[in-house]
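Okay, structure first, notes after.
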Amino acid sequence: MAPASVKPNSAGATTSTATVSAVSSSKVPPIARPLAGEPEEFEPEQAYFATAESVRDRLIQQWNETYAHYHKEDPKQTYYLSMEYLQGRALTNAIGNLDIQDAYGKALNQLGHQLEDIVEQEKDAALGNGGLGRLASCFLDSMATLNLPAWGYGLRYRYGLFKQRITKEGQEEIAEDWLEKFSPWEVVRHDVVFPVRFFGHVEVNPDGSRKWVGGDTVQALAYDVPIPGYKTKNTISLRLWEARASSDDFNLFLFNDGQYESASQLHSGAQQICAVLYPGDATENGKLLRLKQQFFLCSASLQDIILRFKERKNENRSWKWSEFPSKVAVQLNDTHPTLAIPELMRLLMDNEGLGWDEAWDVTTRTVAYTNHTVLPEALEKWSQSVMWKLLPRHMEIIEEIDTRFITMIRTTRTDLESKLPSICILDNNPQKPVVRMANLCVVSSHKVNGVAQLHSDILKAELFADYVSIWPKKFQNKTNGITPRRWLRFCSPELSLRKFAENADFQAEWSSAKMANKQRLAQYILRETGVSIDPNSLFDIQVKRIHEYKRQLLNILGAIYRYKKLKEMSAEERKNTTPRTIMFGGKAFATYTNAKRIVKLVNDVGAVVNSDPEVNSYLKVVFVPNYNVSVAEMLIPGSELSQHISTAGMEASGTSNMKFALNGCLIIGTLDGANVEIREEIGEENFFLFGATADEVPRLRKERENGLSSLIAQFKPDPRFEEAKEYTRSGAFGSYDYNPLLDSLEGNSGYGRGDYFLVGHDFPSYMDAQERVDEAYKDRKRWLKMSILSTAGSGKFSSDRTISQYAKEIWNIEECRVP
Ligand code: 26V
């Protein structure tokens with residue numbers, strides 16, 4: 001069966017178009033105009049939609065060619081399953097990847113617009129929380145660029161990540177309706193629909209085979225987002241599923257009878273599934289909804305994958321299921337899509353009639369798992385009783401996987417028997433029986449990888465140590481990467497144009513490119529926050545989700561100390577200091593109290609410091625609201641120093657560190673995540689290092705808990721740390737009660753039992769490193785050299801390298817270039 005080709009959306013009222021050619025080049029589809037107006041009179045928003053649709057049509061054409069080519073060649077294909085994607089804006093990226101900036105820039109000029117302004121009209125697609133989602137999006141860009149037959153699968157959330165507003169109270173969350181006006185980048189596929197079941201029960205057929213029946217069924221409807229590669233025709237797909245009620249579920253009888261609510265109950269039930277990204281799971285209902293989302297993604301994607309496999313096979317010749325892993329690789333982005341494992345087993349056994357051993361062989365050779373965190377609270381565990389209710393057949397399968405694993409250990413690895421309570425899949429603790437998703441992933445995947453060398457080493461030595469002794473070859477490292485297209489070429493064209501050299505002229509060019517980015521950023525900050533910042537000051541940035549382990553609190557306490565010292569100096573002394581603008585950005589999870597207090601503290605400090613005429617030409621503290629991909633594209637090119645200061649061993653990789661380094665920004669950081677490798681690549685003399693190392697951290701914590709520490713006995717509370725906390729407690733930044741937040745830091749500095757994240761322990765070495773930063777910045781030539789070396793040393797962190805390694809060492813797929 002030939003693949004149905006995709007047609008552009010039949011547009012709704014806002015997008016009805018009549019085509020007029022605004023460009024002469026036949027390579028470029030015309031910029032169309034809405035029926036309602038003349039292109040010459042386009043408002044910026046209309047110009048955006050018209051441009052986007054024109055680019056989109058071109059992408060769809062390439063996407064069709066790519067799909068047809070894959071269908072013909074039938075290569076092994078990778079399917080990347082992720083609950084999150086942080087795509088950001090698509091227009092600049094698409095135009096850049098297609099290398100058609102000039103044609104579209106000219107066409108828009110003719111209509112009286114600038115491309116740079118028009119792209120600002122687009123809303124970010126923020127279907128993710130942070131690094132994990134952005135990584136998935138960078139990976140798609142690299143897969144397309146490397147001409148790899150690979151696709152992404154995800155969910156089409158109606159509301160993505162909330163919009164952050166800063167008020168006097170701190171962070172406020174606002175629902176972000178990214179589809180309000182419609183997205184020109186997706187194509188609805190009414191021809192791609194699969195049923196997904198929830199609840200119900202298991203029936204045994206006369207032949208002993210089992211079947212999941214009853215319960216509720218919702219329909220998964222596909223929306224395809226075309227993903228262009230850079231300077232290649234290959235255009236892959238991000239397929240996002242939306243949940244719809246089956247039309248026969250709509251009870252016309254009840255509706256006609258006036259019982260509107262009951263009649264449409266099933267519709268609203270189905271709609272809830274994709275309503276929001278990560279609904280709070282504090283309640284049982286919230287947990288159930290999240291689990292439904294995960295299964296919905298896995299079931300729809302696997303049905304689609306299996307159908308495609310069968311279509312391609314049927315066309316050619318007779319085939320066996322054992323060939324499936326030579327055509328399909330499924331990558332699980334963290335444990336969120338773990339249910340793909342029992343769902344693939346179920347589809348193979350119950351629908352396709354395979355026996356357990358054959359189905360298990362196919363499944364384990366198909367699926368691989370990436371771990372993105374070692375934080376215990378982030379390792380997913382699902383209640384067994386909830387799982388039995390929602391997915392009874394899958395629980396049978398998970399039990400069987402567990403039983404077979406336990407039998408294998410008891411017969412072949414008696415030395416590990418005592419470890420079974422922690423390494424088996426089902427935790428049958430009678431208080432709270434749960435399924436440990438990471439364990440299920442490790443047991444069922446052919447490869448397991450961490451996301452930076454240090455993180456992978458920690459996984460092997462700690463979290464997964466016992467499994468390593470069973471399957472030593474299963475574990476790998478794949479250090480994360482970022483796409484250099486979005487994160488240098490398109491967001492900082494000046495810097496990327498410069499070939500490296502180390503002479504004075506080159507340094508001057510480099511410096512002026514950076515200055516232009518800083519000025520652009522300063523204007524943005526003024527517009528968004530009303531704070532005026534000096535482009536000649538050192539631009540120092542920390543942007544990431546707010547979390548205690550990422551230690552924004554260390555940064556702001558350092559800023560508070562700096563402010564206090566500036567206040568104590570004479571006007572003459574101040575002139576010898578390095579003026580700084582310290583910028584923060586990031587969202588706090590809505591229910592994470594300490595994270596929200598940190599946001600409030602940063603804003604309160606900013607309010608006092610920025611309006612203090614005595615010192616505000618030497619220090620500004622700015623909180624940039626609503627950090628997202630587009631804001632990052634503004635901030636990163638304009639930064640000179642960035643902070644990656646997590647407690648060692650806790651940040652699996654970090655990826656913004658790579659984006660900053662690539663943009664010639666120096667790093668102050670701990671030996672954590674990918675910082676370790678960045679420092680190796682750009683040279684230790686170009687990295688401001690401080691803090692305890694990952695192997696010291698457990699010891700420091702243990703000794704603190706035991707209270708008998710030799711280390712802590714020698715440990716003198718750093719007077720600077722005490723001073724910064726005291727100053728904050730004194731009310732210098734307003735009347736808000738910061739005591740509970742600061743109390744979390746008491747300990748590990750000679751007394752107390754708190755400070756799990758070792759802020760007090762690392763404070764002195766952090767402040768010393770900051771002094772080295774101030775000194776280095778005074779030596780202009782030295783700083784520029786370090787900056788250039790940062791960019792020059794960042795090549796390793798291209799996601800093209802990461803994806804090539806996945807392709808070769810995990811997926812076993814090869815390029816399939818569209819001619
Ligand atoms: C999730 C949660 C959820 C509940 C409360 C606390 C908490 C803390 C952390 C997480 C992280 C989940 C997985 C994740 O997003 N990991 C990130 O993955 C990035 C891409 O590999 C990596 O660069 C980041 O270091 C890592 O934190």
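Along the sequence shown, residues are numbered consecutively beginning with 1.
- Judged by distance alone, with hydrogens and angles left aside, the side-chain atoms of D177 form a donor-acceptor pair with the main-chain N or O of E180 at under 3.5 Å.
- A donor and an acceptor atom, one from each side chain of H455 and N371, are located under 3.5 Å apart.
- Contact check for K474 versus Y467: no side-chain heavy atoms found under the 4.5 Å cut-off.
- Across A126 and L277, no two heavy atoms sit closer than the pair O-CD2, 4.4 Å.
- With hydrogens and angles disregarded, no donor-acceptor distance shorter than 3.5 Å links the side chain of Q293 to the backbone of C274.
- Judged purely by distance below 3.5 Å, without hydrogens or angles, the side chains of N449 and T370 pair a donor atom with an acceptor atom.
- Atoms CZ and CH2, from F199 and W388 in turn, are 15.5 Å apart once rounded to the nearest 0.5 Å.
- In this structure, R312 forms a cation-pi arrangement with Y67, its terminal cationic atom sitting closer than 6.0 Å to the ring centre and no more than 45° off the ring axis.
- A side-chain donor-acceptor contact under 3.5 Å links T338 to the backbone of T335.
- For the residue pair H394 and E343, a side-chain donor N or O sits within less than 3.5 Å of a side-chain acceptor on the partner.
- Defined by atom type and a distance below 3.5 Å, a donor-acceptor pair is missing between the side-chain atoms of Y79 and D304.
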Intermediate values then yes/no, salt bridge (charged side-chain N to carboxylate O under 4.0 Å, His left out), E651 and K550: CA-CA 7 Å; E651 188 71 274; K550 295 178 188 280; 2.8 Å; yes
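- Listed by chain and residue number, R597 satisfy the side-chain contact (heavy atoms from CB on, under 4.5 Å) test with T593 (two or more places apart in sequence, or in another chain).
- Closest approach of T647 to F757, counting heavy atoms only: OG1-O, 2.8 Å.
- For K389, the NZ atom counts as loosely surrounded, since its 6.0 Å shell holds 12 or fewer non-hydrogen atoms of other residues, nucleotides or ligands.
- In this structure, R239 pairs ionically with D224, as a charged nitrogen and a carboxylate oxygen lie closer than 4.0 Å.
- Among H201, E396, R197, the one residue that satisfies the side chain to side chain contact (heavy atoms under 4.5 Å, CB included) test with W212 is R197.
- The main-chain N or O of K163 is never found under 3.5 Å from a side-chain atom of N626 such that the two would form a donor-acceptor pair.
- A donor-acceptor pair shorter than 3.5 Å cannot be found between the side chains of Q294 and K292.
- Residues V218 and D216 fail the side-chain proximity criterion, which asks for heavy atoms closer than 4.5 Å.
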W178 vs S183, side-chain hydrogen bond (donor to acceptor under 3.5 Å, both in side chains): CA-CA, chis, key distance, verdict: CA-CA 8 Å; W178 72 290; S183 164; over 6 Å; no
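- Taking the side chain as every heavy atom from C-beta outward, M650 and V374 never approach each other to under 4.5 Å.
- In this structure, CD1 in I458 is found 12.5 Å from CZ in F464, a value given to the nearest 0.5 Å.
- Rounded to the nearest 0.5 angstrom, L240 CG and R189 CZ are separated by 13.0 Å.
- Counting heavy atoms from C-beta on, the side chains of W360 and M345 come closer than 4.5 Å.
- Within a 6.0 Å sphere centred on NZ of K327, heavy atoms belonging to other residues, nucleotides or ligands number more than 12.
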Candidate pair I409 and L420, rule side-chain contact (heavy atoms from CB on, under 4.5 Å), full reasoning: CA-CA 8 Å; I409 295 295; L420 273 173; 4.0 Å; yes
Verdict with reasoning, D357 to R404, per side-chain contact (heavy atoms from CB on, under 4.5 Å): CA-CA 11 Å; D357 290 337; R404 285 171 185 249; 3.3 Å; yes
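- Contact of the W241 side chain with the V192 side chain is registered, since non-hydrogen atoms from C-beta on lie closer than 4.5 Å.
- The CG atom of L135 sits 4.5 Å away from atom CG of N480, with the distance rounded to the nearest 0.5 Å.
- When each of F589, Y159, F162, Y157 is paired with Y278, the ring-ring contact (aromatic ring centres under 6.0 Å, His included) condition holds for F589 and for no other.
- Shown are N439, V434, V435; of these, the side chain to side chain contact (heavy atoms under 4.5 Å, CB included) with K381 is made only by V434.
- The backbone N or O of C441 sits less than 3.5 Å from a side-chain atom of S445, completing a donor-acceptor pair.
- No side-chain heavy atom of I803 sits less than 4.5 Å from a side-chain heavy atom of K478.
- In this structure, K76 contributes its side chain and P149 its backbone to no donor-acceptor pair below 3.5 Å.
- Q384 CD to N429 CG: the interatomic distance, rounded to the nearest 0.5 Å, is 10.0 Å.
- For the residue pair Y592/N594, the side-chain donor-acceptor check at 3.5 Å is not satisfied.
- The shortest distance between side-chain heavy atoms of E352 and I306 falls below 4.5 Å.
- Between the side chains of Q87 and D124, no donor N or O sits under 3.5 Å from an acceptor N or O.
- Side-chain atoms of E358 do not come within 3.5 Å of backbone N or O of S322 as any donor-acceptor pair.
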Intermediate values then yes/no, side-chain contact (heavy atoms from CB on, under 4.5 Å), T364 and H446: CA-CA 6 Å; T364 52; H446 65 96; 5.5 Å; no
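- Residues Y85 and L140 are in side-chain contact: their nearest non-hydrogen atoms beyond the backbone lie under 4.5 Å apart.
- A donor-acceptor pair under 3.5 Å is formed between the side chain of Q164 and the backbone N or O of G586.
- The side chain to side chain donor-acceptor pair (under 3.5 Å) analysis of residues 413-422, with sequence neighbours excluded, yields the pairs R410-E417, R413-D415, R413-S469, K419-D466.
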F324/F309 under ring pair (Phe, Tyr, Trp, His ring centres under 6.0 Å): CA gap, chis, key distance, verdict: CA-CA 7 Å; F324 190 78; F309 171 76; 4.9 Å; yes
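- Taking the six-membered ring for Trp and the full ring otherwise, Y756 and Y549 have centroids separated by 6.0 Å or more.
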Steps toward side-chain contact (heavy atoms from CB on, under 4.5 Å) verdict (R393, D350): CA-CA 10 Å; R393 180 65 181 125; D350 301 359; 2.6 Å; yes
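- In this structure, a donor-acceptor pair under 3.5 Å is absent between the side chains of W356 and E400.
- Exactly one residue among E172, E548, E173, E169 makes a salt bridge (charged side-chain N to carboxylate O under 4.0 Å, His left out) with K596. That residue is E173.
- Donor-acceptor pairing under 3.5 Å is recorded for the side chains of E84 and N129.
- Side-chain atoms of R308 and Q303 form no donor-acceptor pair, as typed in the model, at a separation below 3.5 Å.
- Annotation: the span from L339 atom CG to L297 atom CG amounts to 9.5 Å, rounded to 0.5 Å.
- A donor-acceptor contact shorter than 3.5 Å links the side chain of E323 to the backbone of K320.
- In summary, the side chains of W151 and T78 do not present any donor paired with an acceptor at a separation below 3.5 Å, with no hydrogens or angles considered.
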